[in-house]
Structure formats: structure tokens, C-alpha cells
Trainee: 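Quick one: structure below, then a few questions.
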Amino acid sequence: MGRSDLEFNCTSDVLWAVPKFNANWPEARNFKYIWFRIVSLFLIVGALSFSYSDAALPQEPAFRIGVFLSSDRDRCFSPGIIKSIRHFTRQRTEHINAAGGVNGRKLELFYYDDFEEIELTKQNVANALKDRDMIAMIGISSSTRAAAVVDDIGASGIPLISEISRSDLFERYNNIYTMAPTVLDEVGTVGEWLRNKDFSNPAFVGFAGNLYSEQYAEQLNQASGNRFQDYWFPDKGDFSLDPDVQKSIIEQLKERQPEILFLSVYSGPGARFLKALYDAGVRVPVFVVMGRIRTIQNLIKLSPADFELYALAREGVPGVFNERLRTRIWETPRRRWIFNDSLNLEGGESCKNKTPPDQNSHIDDRVNQRAVGRGIQYSDMLSIIADAAHQATSTDADTLKKQIRFHLSTIAAGEKIYRGWWQDWSFSGSRGSSQDNLLLHSPDKVRLPTLVPEQFRRAQAHWRGVPVVYIGVDLERLFGIDSNENNFQAEFYLSLRGGEAVGLEDIEFTNAVHAQSSNEKLINIRQIKGREVASDLGDDLRLYKVSGTFRFDPDLRNYPFDKQRFSISFQPADASKPFLIQPQPRELRTKFFEADGWRPISHHVG
């Protein structure tokens, strides 16, 4: 960036801009960063920043952490997700070593890739367990592959933070955790949604032998009162669907006419199966258990009107990074934040005619957000382990393992959290992530997945419905920036949709300036009608014109080339009346605004 850059960031709407220069240098000297923030109950904020150097560490044998990866089985591409995991875990390790390593000894990472093959998973784990200086492990993303190694890892006592979804595989081993919600936790949320929908005729289609799918189907059937009919493809290990079995399943579904179909066969096979359903004239809402809504939509090229798709939001609110991570992105714009799949030059003959998927060009591209999210999650797990090891006074590897196990046991839901870059982490009673399981759908006329209108959150022994408010923010004007008074003025349009559950009176602008005489917030809000607002979130929109004065904290350390952040933040006005916020998709937001001679050049959601 040159010295004329201005950035505008909004947790519902983000824009970057450069000023229009004039002959008066002082008026054109500053970098500006303008940030709109929408805070929901379940998004918690923070910030971290680092410098790196490990040259001062003594040359003793390094402690090691094993990172277990699963690149594509055909090895034709180097996945962006794997690149992101490697990048962010290495970056975190550099920071740990710059701060003194693990009790004065350097920390090293060993990467093990099983290419989705069970035998390689077993071999990788066996090699890692032979290393006396290996103090912890991260990864293993498949419950089916994990079943082949979990007993060896459990018996070893070495701490593992995995991605295993089946907690019954490791429940007897107190050294194994998972950064993913367990099947039991996921089905708890999905089961409550099913009960509220009162489906009497649901169906399930999956791969036989896939441990995750089999437990999911079993738990869903129990949650529904044994209403499910399940159908199974043989798992040949190549993601293929047996044509004869497919024909039989489709004929049975056509006859049964289920109210909803749970599909657990991954994105590619799932897209092929839905296309076959479509061709057979079967129309049914589909809950994608294994796979991605957008991937399936892109593969089959069908409209949302053909199949209404549901899924769990495993990366959080669609299109949104939390503020803590967005802050880090803003503070380190020249670091790597975009990760693409690339052709593997060492791939076999079958790879020569393949082309990689569409390349990400923007940090907020859907596929890139998923890659960044996975890499940051692994980085957080690494930091949790290092933080635990720091609390031990010994440099004995077995003592460190014991300390890490104890520390992990204290990060429990409702008691203690670990503030990571990705989220605030804690573990449930089944030692899975205690994060809220959010439900997505892609309803008729809406291609982009969004949160369903009502979410479900467990409060002790009871479930509570949490409404979703769909919000659009279109900045019109930014002016009156005053670093002496620490405030600025803004005008913007605010659109709300969410039925009658959430109104403007339920939203509090938390950083609005108060008048000195009356202590009233310096905000003017009026409801307007007749202005067209681009939105694929529905027609039930309430539109407001908002103008006000808001606080910000100037950072003049790099004056006159300083870089500033300005936020307009709001949150639930009543903590006893929570709601979730679904921002308008990036493609549908206004990209330009007036800012006293500044010219916008890009935007993002954060």
C-alpha cells in the first residue's frame, strides 16, 4: 500500500479506499482504517500480534509436535487447506520459539500426511509414537481412520487434539480431545430442529462402513423416535456410487416420499446423487451431513428451487471472520492470507488432464475462508498445547505430557476458555469442542447459504430458541474524523429482517458518543420506505437511515503514516434477549461511499 491508502472494514460491511490527493500535504498524510462491526452473542472478540526469532534458544534437542494431515487420495492437487494448516502452524511455532520455546527448548513440528489411506494413518502414528521427544499430536480428521489408531494413541498417554467426531472411540482415554463438535453434540442440535419441524417421515442415505455416517444415522433415528428409514451405498474407497444400488435407493425414495433426506456421502457423490434424484423427478429438502452446500450446488448447476439444502455451519456464520482474526488480518496485510489448490507435479498419469478448481483471488472468497479457518484452528490447538507445556517446570517429555493432559482437562465449557484466533475454545463433557452448532439453509431464490431463522442453544438441561436477524449495512458517508476528540461521524442505511422477534429497539450502538448535557447518544434513526435495497435474504425488510457520532481510539505510533481503525459496533441491548446476526453477502452490499474526498477501492466482511 502507498501512503494514500484508506481502509474501511465492517463486520457486516467492509470497504477499502484511497484518498483523493490535494496540494495540502497535512490533509492527505494519513492511512485510515474504517471498521464497521456487528457483534452477536456467540462471536467473542480479541487480538494478538507477534514478532519472530528463535536464534537465542539453546541448542538442546527440540521437543516435537506431530501434525496429521489428509491430502486428497489421488494426489493430483496440493490442497489449499493443507497449505494453510502448514503455514499457520509454522507461523505459530516461530512465535513460540521467539518467546523462548517450550521451557527453553526449541519446538519443532513434524507433518504426517496419510492421503486418506488407513494404512498410512497407522504407519504415521506408529512412527510418531516412537519419537521420545514427541510431546503432543494434532489432527486426524476421519473417525474411520482414527478407529485404526486410537487405541495405540490412548495407551501411549500422548496428548492428541484431533478432528474425530465419534467420541465413543476415545471416551476411555483422557489424553484424546477433538477440536470438532462430536456427533452426539451435533445431533443434539439437529434433533431439536427436527422435533420443532415435527418431521414424521425422514430418510438417511450414507456410505456403509463410514463410522461417522453410521453413528449419525443411529443418533438421528433415536432423536426422532425411530422415524428414520436409512439406505446405504457400499463404500468402495473411491467415492463412487454403485449404479444398481443408486437406482434401487431412488426408486424407494420415490415411493416413500420423505419429508427430508439426510445425505452423508461427501460433496462430489452427493451432487451426482441429487442430480439423479432430480432426473427421476424426486424433489425433497436435503440435509447435507457430509459435504458442502455450495460445492454441491456448483457441481450440479441446479437452482435452490430444485432442492432446499440444509447443513451445519462448521465454519461459523457464513462469510464472516470473527473480529479477533479480522484484526490480525488488518495488522499483517502483507502476510499470506490466500490459499489455493495447485496441481501436484508429482501426481500420476491420471492427474495430467485435471485442472485445479477456480482460484481464490480475495481473502473473503468462500473456499479461501474455509482454508484460512482450518489453518487457524490447527494453529490455535498448537498454542493450547504450548501454553500447557509452559506451566510445567520440568523439561522431561513425560512430565510435559502429563501437564498438557491436565491443562486440557481444565478447559471445560462453563468453567474456563482458551482465547484463540479462531474462537474461544473449551471442551464439552465428551471432550469435543463446545462451540454452538449453527444451522444453515439455502432456501428458494437464495443461492448463498445463510443461517436458518431460528437456532437452538442448550442451556443446562433445556433447549432455547435463538432468533436470527438478517442485517444489511450500506455506508453512505463518513466525515468529521477528529483524532483529538477521538470520534467521527457516519451516515448509513441499516436494513433488518427477522420477523417480529428482533426490532431496532433490541439493538444497542455500543460506541456511540453521548451528549454532555443529556447523556443521550448522538444518534438519529428514522425508518424509511421506497428505497430499493439489493438483498437475497427476503422481502420482509425494515429499512432505516442512521446518522451519528461514534468513538474510536487513534493510533498515532506511525504518524504521519499512521493507520487507523474506525468502528460502528452494535449488539443485543438486553443480554437476556440474545440473537444472532447474519450479515448480507459481500456480493450484495454497496461498495462505494463518500468520505470527505476519499475514494473506496475494495470491501470485505469481517
Side-chain angles (χ1 to χ4, degrees), residues 68-79 81-82 113-125 139-150 163-166 169 183 203-218 220-221 228-254 261-280 282 286-293 295-296 298-300 307 311 341 344 346-357:
F68 292 81
L69 311 171
S70 293
S71 295
D72 295 344
R73 184 175 302 175
D74 62 14
R75 309 194 188 197
C76 291
F77 299 106
S78 297
I81 285 180
I82 302 301
D113 199 326
D114 63 15
F115 296 96
E116 301 178 324
E117 296 180 12
I118 290 179
E119 289 306 314
L120 274 179
T121 306
K122 293 164 64 175
Q123 180 180 326
N124 290 341
V125 168
I140 305 179
S141 58
S142 161
S143 294
T144 301
R145 293 192 295 276
V149 297
V150 71
E163 288 190 80
I164 306 169
S165 296
R166 286 197 55 164
L169 295 177
V183 170
F204 188 100
V205 173
F207 275 127
N210 182 284
L211 299 187
Y212 174 76
S213 295
E214 289 181 346
Q215 189 182 44
Y216 221 102
E218 178 186 348
L220 280 174
N221 193 39
F228 269 82
Q229 177 65 51
D230 52 4
Y231 308 90
W232 300 95
F233 283 98
D235 188 355
K236 300 179 181 180
D238 58 0
F239 303 106
S240 65
L241 301 177
D242 184 284
D244 293 332
V245 175
Q246 177 171 280
K247 181 180 178 181
S248 174
I249 291 175
I250 290 176
E251 288 176 351
Q252 293 179 71
L253 290 174
K254 194 170 184 178
L261 170 65
F262 282 75
L263 187 60
S264 188
V265 293
Y266 304 102
S267 297
R272 297 194 296 273
F273 182 74
L274 290 187
K275 182 63 168 61
L277 273 182
Y278 177 84
D279 292 341
V282 178
V286 176
F287 195 106
V288 180
V289 177
M290 284 202 307
R292 308 278 165 179
I293 289 179
T295 303
I296 290 174
N298 291 337
L299 287 171
I300 59 179
F307 289 103
D341 291 0
N344 183 3
E346 299 179 358
E349 289 293 322
S350 62
C351 301
K352 288 187 176 180
N353 296 324
K354 291 191 176 182
T355 56

Trainee: Test: salt bridge (charged side-chain N to carboxylate O under 4.0 Å, His left out). Region: residues 268-277. Which pairs qualify, not counting sequence neighbours?
Mentor: Lys275-Asp279

Trainee: CG of Leu211 to OG of Ser142: how many Å apart, nearest 0.5 Å?
Mentor: 7.5 Å

Trainee: List for me each residue that meets salt bridge (charged side-chain N to carboxylate O under 4.0 Å, His left out) alongside Asp238, sequence neighbours excluded, and say none if there are none.
Mentor: none

Trainee: First locate atom OG of Ser267, then atom CZ of Phe239, and finally report the distance between them rounded to the nearest 0.5 Å.
Mentor: 10.0 Å

Trainee: What's the shortest heavy-atom distance between Ala271 and Ile300, and which atoms?
Mentor: O-CG2, 2.8 Å

Trainee: Report the distance from atom CD1 of Ile249 to atom NZ of Lys254, rounding to the nearest 0.5 Å.
Mentor: 15.5 Å

Trainee: In Å, rounded to the nearest 0.5 Å, how long is the span from OG of Ser213 to OH of Tyr266?
Mentor: 6.5 Å

Trainee: Run the side-chain contact (heavy atoms from CB on, under 4.5 Å) test against Lys247 and tell me which residues pass, sequence neighbours left out.
Mentor: Glu251

Trainee: When rounded to the nearest 0.5 angstrom, what is the spacing between CG in Leu274 and CZ in Phe307?
Mentor: 5.0 Å

Trainee: For Ile164 and Ala146, work out which heavy atoms get closest and say how close.
Mentor: CD1-CB, 3.5 Å

Trainee: What do the steps show when you test Leu261 against Leu277 for side-chain contact (heavy atoms from CB on, under 4.5 Å), and what is the final call?
Mentor: CA-CA 11 Å; Leu261 170 65; Leu277 273 182; 3.9 Å; yes

Trainee: Tell me whether Glu214 contacts the main-chain N or O of Ala208 through its side chain, where contact means a donor paired with an acceptor under 3.5 Å.
Mentor: no

Trainee: Please report the interatomic distance CG(Leu241) to CZ(Phe233), rounded to the nearest 0.5 Å.
Mentor: 4.5 Å

Trainee: Between Ser141 and Glu163 (side chain of the first, backbone of the second, donor and acceptor by atom type, cut-off under 3.5 Å), is there such a pair?
Mentor: no

Trainee: Side chains of Asp341 and Pro79: closer than 4.5 Å at any heavy-atom pair?
Mentor: yes

Trainee: Not counting sequence neighbours, which residues clear side-chain contact (heavy atoms from CB on, under 4.5 Å) with Asp114? List them please.
Mentor: Ser70, Leu120, Thr121, Asn124, Arg145

Trainee: Considering residues at least two apart in sequence or located in another chain, which fulfil the side-chain contact (heavy atoms from CB on, under 4.5 Å) criterion with Asp235?
Mentor: Phe207

Trainee: Checking Ala311 now: which residues fulfil side-chain contact (heavy atoms from CB on, under 4.5 Å) with it, not counting sequence neighbours?
Mentor: Val288, Ile293

Trainee: Show the nearest heavy-atom pair for residues Met290 and Asn210, with the distance to one decimal.
Mentor: CE-ND2, 3.9 Å

Trainee: Would you check if Tyr212 and Val183 make a side-chain contact, meaning some heavy-atom pair closer than 4.5 Å?
Mentor: yes

Trainee: Please name the pair of heavy atoms, one in Ala280 and one in Ile250, separated by the smallest distance, quoted to 0.1 Å.
Mentor: CB-CG2, 3.6 Å

Trainee: Start with the C-alpha gap between Val125 and Ile140, add the side-chain angles, then the distance that decides, and say whether side-chain contact (heavy atoms from CB on, under 4.5 Å) holds.
Mentor: CA-CA 10 Å; Val125 168; Ile140 305 179; 4.2 Å; yes

Trainee: Tell me, with the steps shown, if Phe262 and Tyr216 meet ring pair (Phe, Tyr, Trp, His ring centres under 6.0 Å).
Mentor: CA-CA 10 Å; Phe262 282 75; Tyr216 221 102; 7.3 Å; no

Trainee: Could you report the tightest heavy-atom contact between Ala203 and Leu253, atom names first, then the distance?
Mentor: CB-CD2, 4.0 Å

